[in-house]
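To start, the structure itself, in structure tokens.
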Amino acid sequence: RWDVLVLTPWLAPIVWEGTFSRDILNAQYVQKNLVTGVVTFAVEKYCFFIEGFMRSANKYFLAGHQVNFYLFTDNPQKICCLQMAPENRLFVIPVQNHSRWKDIPTSHMDIISTYIHSQFQYEVDYLYSIDIDVQLLAHVGVEIIDALVGTISSRHFMAHPKNKETQPESRAAVPEGQGDFYYTASFYGGSVAEVYKLTRACSKAIMEDRANGIEARWQEESHLNKYLLYHKPTRLLSPEYYWDAGL
């Protein structure tokens with residue numbers, strides 16, 4: 001494709017539809033006998049999205065390959081019986097709710113890093129965090145697999161691709177004039193080892209901000225962008241992979 005940017009300045013590929021052969025990638029991936037994990041959170045009103053997300057992800061996310069879905073929710077008893085593909089497994093993990101809604105997303109990084117250390121590293125090779133209110137409409141395949149993967153935000157792609165944290169006292173602050181792309185926290189991942197480094201670093205920065213009475217403008221997304229500025233993704237997904245229908 002000549003109509004879009006397909007390579008970053010640090011030579012990481014940017015994946016767009018039409019820039020890869022899924023058949024070739026599937027053949028290479030299946031030989032490695034890998035398992036990919038998906039982490040998602042459904043707390044309070046977001047429990048409404050569970051069925052839609054799981055049905056679409058079960059159908060379209062790495063179809064035909066082994067996928068473990070880790071669903072964190074404060075209402076595990078409300079999970080209906082979802083029929084999963086033979087190669088997929090669903091794990092429902094109870095999680096406590098928080099009194100302030102902003103505390104829910106800022107806890108994601110801490111929860112993910114904790115479970116990688118205690119459980120996920122022994123069960124999956126790659127791990128992706130995807131928001132529960134996502135509805136997959138087409139196949140998302142092994143073209144997303146790489147060591148450290150970020151998704152370019154559709155909301156900022158055209159308007160301000162270098163949008164950054166505006167509170168200079170926050171650990172998420174990006175120095176003036178720096179920044180590559182603006183990444184969404186709604187879809188990111190990579191190898192278990194790299195995702196552990198990312199979530200642990202972001203969780204630590206979030207906790208330091210909180211101890212100083214600071215809250216980043218876009219919560220964990222601000223910290224994700226700060227991390228990816230200094231730890232370049234090895235693969236970027238185009239805004240096609242997480243398009244905001246409200247735009």
Side-chain angles (χ1 to χ4, degrees), residues 14-17 22 36-65 67-76 78-80 82-85 88-93 95 101-102 104-109 111-112 115 120 124 126-146 148-157 181-190 195 198-199 202 218-225 228 233 235-247:
I14 304 175
V15 182
W16 296 82
E17 187 64 37
R22 186 166 286 133
T36 299
V38 173
V39 173
T40 190
F41 292 83
V43 178
E44 289 190 336
K45 63 181 181 180
Y46 288 95
C47 289
F48 171 81
F49 297 101
I50 291 175
E51 184 173 357
F53 172 81
M54 288 307 308
R55 290 191 185 281
S56 64
N58 183 55
K59 180 179 180 180
Y60 289 122
F61 190 85
L62 269 65
H65 302 291
V67 180
N68 287 357
F69 291 95
Y70 301 103
L71 171 60
F72 289 88
T73 180
D74 60 341
N75 283 301
K78 292 186 178 181
I79 305 301
C80 62
L82 298 169
Q83 186 175 357
M84 305 296 292
N88 293 342
R89 300 174 67 190
L90 172 62
F91 299 87
V92 178
I93 305 173
V95 63
W101 71 268
K102 284 186 178 181
I104 298 171
T106 55
S107 300
H108 289 182
M109 297 286 197
I111 294 171
I112 293 172
Y115 272 84
F120 299 161
V124 299
Y126 292 89
L127 188 67
Y128 289 80
S129 175
I130 306 177
D131 279 359
I132 193 68
D133 57 355
V134 168
Q135 186 81 8
L136 276 68
L137 303 176
H139 287 285
V140 174
V142 298
E143 74 277 359
I144 71 168
I145 300 295
D146 215 318
L148 184 58
V149 181
T151 302
I152 301 172
S153 171
S154 60
R155 182 168 292 277
H156 301 286
F157 180 62
F181 300 90
Y182 189 84
Y183 305 97
T184 177
S186 298
F187 189 176
Y188 67 89
V195 176
L198 183 157
T199 53
C202 289
W218 302 112
Q219 293 91 45
E220 68 173 6
E221 188 166 275
S222 295
H223 291 276
L224 172 74
N225 275 273
L228 293 180
R235 181 174 300 251
L236 281 67
L237 304 182
S238 73
E240 296 169 322
Y241 283 85
Y242 184 77
W243 191 262
D244 189 336
L247 294 178

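In what follows, every heavy atom counts, from backbone to side chain, and hydrogens, waters and symmetry copies are set aside. One-based numbering along the sequence shown.
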Residues Thr73 and Ala42: closest non-hydrogen pair is OG1-O, 2.8 Å
Rounded to the nearest 0.5 Å, what's the gap from CG on Leu62 to CD1 on Ile145? Could you check? 5.0 Å
Which distance, rounded to the nearest 0.5 Å, do you find between the CG of Asn68 and the CZ of Phe120? 9.0 Å
Using a 6.0 Å cut-off, check whether atom CZ of Phe91 has over 12 heavy atoms from anything other than its own residue. yes
So how far is it from Met54 CE to Lys59 NZ, rounded to the nearest 0.5 Å? 14.5 Å
So do Tyr188 and Thr199 actually touch side chain to side chain, heavy atoms under 4.5 Å? yes
Can you check side-chain contact (heavy atoms from CB on, under 4.5 Å) on Leu228 and Leu148, steps first, answer last? CA-CA 9 Å; Leu228 293 180; Leu148 184 58; 3.9 Å; yes
Ignoring hydrogens and angles, tell me if any N or O in the side chain of Glu143 forms a donor-acceptor pair with the backbone of Val15 under 3.5 Å. no
Test side chain to side chain contact (heavy atoms under 4.5 Å, CB included) applied to Ala85 - qualifying residues, sequence neighbours left out: Asn58, Glu87, Asn88
Between Glu221 and Tyr183, the two heavy atoms sitting closest are CG-O, 3.5 Å
Look at the side chain of Thr151 and the backbone N and O of Phe187, then say whether any donor-acceptor pair between them is shorter than 3.5 Å. yes
So how far is it from Leu198 CG to Met109 CE, rounded to the nearest 0.5 Å? 5.5 Å
Atom of Val92, atom of Pro76 and distance for their closest heavy-atom approach: CG1-CB, 3.8 Å
Starting from the C-alpha separation in whole Å, work towards a yes-or-no answer on side-chain contact (heavy atoms from CB on, under 4.5 Å) for Val142 and His65. CA-CA 9 Å; Val142 298; His65 302 291; 3.8 Å; yes
With a 4.5 Å heavy-atom cut-off, do Phe72 and Val39 have their side chains touching? yes
Which atom of Cys47 lies closest to which atom of Asn75, heavy atoms considered: SG-ND2, 4.0 Å
In this structure, CD1 of Ile14 is separated from CZ of Phe181 (nearest 0.5 Å) by 4.0 Å
Any side-chain heavy atom of Phe41 sitting closer than 4.5 Å to one from Ile112? yes
Do you know the tightest heavy-atom contact between Glu240 and Trp16? OE1-CA, 3.3 Å
Could you measure the distance from the CD1 atom of Ile93 to the CZ atom of Phe69? Nearest 0.5 Å is fine. 13.5 Å
Are the side chains of Pro233 and Val149 in contact, using a 4.5 Å heavy-atom criterion? no
Under 3.5 Å, which donor-acceptor pairs link side chains of residues 126-141 to any protein atom two or more places apart or in another chain?
from	atom 1	to	atom 2	distance (Å)
Tyr128	OH	Ile144	O	2.7
Asp131	OD2	Ser186	OG	2.6

